[in-house]
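Since the model is a prediction, treat every value here as computed from it, not as a measurement.
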Amino acid sequence: MSDLAWVPQSCTLPTKERPLRVAEWDALFSERLTSLSRPQPLRLRLDLAGGPGVEERVRDLVERESGCCSFFTFTTTLGEDLIALDISVDTAHEAVLDALAARTAACRESR
């Protein structure tokens, strides 16, 4: 999924940096995603396998993503060998969450 047309205009990350950021998320999902669910239309839950440096990696990505896409709300919950990452959006950005969910599922399937 190299097409970045789903990235909303409200994203302030410079266009040339977007493929790099998407690649970082794709790598995280491909390496660590154990499950994903959509408990509510405006919320996506991702369970990531823990391990050395994973929590810091997730927190770093979340912080940087929040800086350019303020419409996302990220919540991380640490468990034993698991990091739950909840991603929420407002109604205006539901399509972005849909695209993120599809991309995440594709990363998981490509393993």
Side-chain angles (χ1 to χ4, degrees):
M1 293 182 93
S2 61
D3 182 17
L4 298 180
W6 58 272
V7 177
Q9 292 294 327
S10 55
C11 178
T12 61
L13 187 66
T15 303
K16 67 180 182 178
E17 294 180 31
R18 291 178 186 177
L20 300 173
R21 177 72 55 82
V22 169
E24 285 185 83
W25 282 109
D26 286 353
L28 178 69
F29 299 150
S30 293
E31 296 165 14
R32 296 291 173 175
L33 186 67
T34 61
S35 69
L36 70 144
S37 61
R38 194 76 179 262
Q40 299 170 348
L42 301 178
R43 191 177 84 171
L44 176 65
R45 165 155 282 190
L46 307 174
D47 290 328
L48 306 167
V54 176
E55 178 185 354
E56 293 81 7
R57 183 178 173 191
V58 170
R59 291 190 186 279
D60 175 60
L61 271 169
V62 162
E63 183 178 327
R64 289 185 289 133
E65 196 67 28
S66 295
C68 64
C69 293
S70 61
F71 55 86
F72 281 126
T73 299
F74 296 98
T75 305
T76 55
T77 306
L78 301 178
E80 190 171 322
D81 298 322
L82 184 74
I83 300 170
L85 177 61
D86 286 299
I87 307 170
S88 301
V89 296
D90 57 22
T91 305
H93 292 95
E94 185 174 1
V96 176
L97 193 64
D98 292 342
L100 179 60
R103 184 172 196 93
T104 304
C107 287
R108 184 172 136 187
E109 292 170 9
S110 69
R111 290 193 251 188

Search all heavy atoms of [X] against all heavy atoms of [Y] and return the closest pair with its distance.
X	Y	answer
Leu97	Arg43	CD2-N, 3.5 Å
Pro41	Glu94	CB-OE2, 3.6 Å
Ala101	Arg38	CB-NH1, 4.0 Å

Q: Assess whether salt bridge (charged side-chain N to carboxylate O under 4.0 Å, His left out) is satisfied between Glu31 and Arg57, documenting all intermediate values.
A: CA-CA 12 Å; Glu31 296 165 14; Arg57 183 178 173 191; 2.7 Å; yes
Q.
Do Val89 and Leu61 land in one hydrophobic cluster if side-chain heavy atoms of ILVMFWY residues count as linked below 4.5 Å?
A. yes
(Q) Would you say Val54 ends up clustered with Leu82 if hydrophobic residues are merged whenever their side chains have heavy atoms under 4.5 Å apart, either directly or through other cluster members? (A) no
Any donor and acceptor pair, going by atom type alone, linking the side chain of [X] with main-chain N or O of [Y] inside 3.5 Å?
X	Y	value
Thr34	Asp47	yes
Arg18	Leu13	yes
Asp60	Glu63	no

Q: Flag the pair Arg59 and Glu55 as a salt bridge only when some basic side-chain nitrogen lies within less than 4.0 angstrom of an acidic carboxylate oxygen.
A: yes
[X] [atom1] to [Y] [atom2] distance, which is reported to the nearest 0.5 Å:
X	Y	atom1	atom2	answer
Asp98	Leu42	CG	CG	9.0 Å
Leu36	Leu48	CG	CG	10.0 Å
Ile87	Thr104	CD1	OG1	6.5 Å
Leu46	Asp86	CG	CG	8.0 Å

Q) So Val22 and Arg103, side chain to side chain contact (heavy atoms under 4.5 Å, CB included) or not? Walk me through it. A) CA-CA 10 Å; Val22 169; Arg103 184 172 196 93; 3.1 Å; yes
Enumerate donor-acceptor pairs with a distance under 3.5 Å from any side-chain N or O in residues 67-75 to protein atoms, sequence neighbours excluded.
none

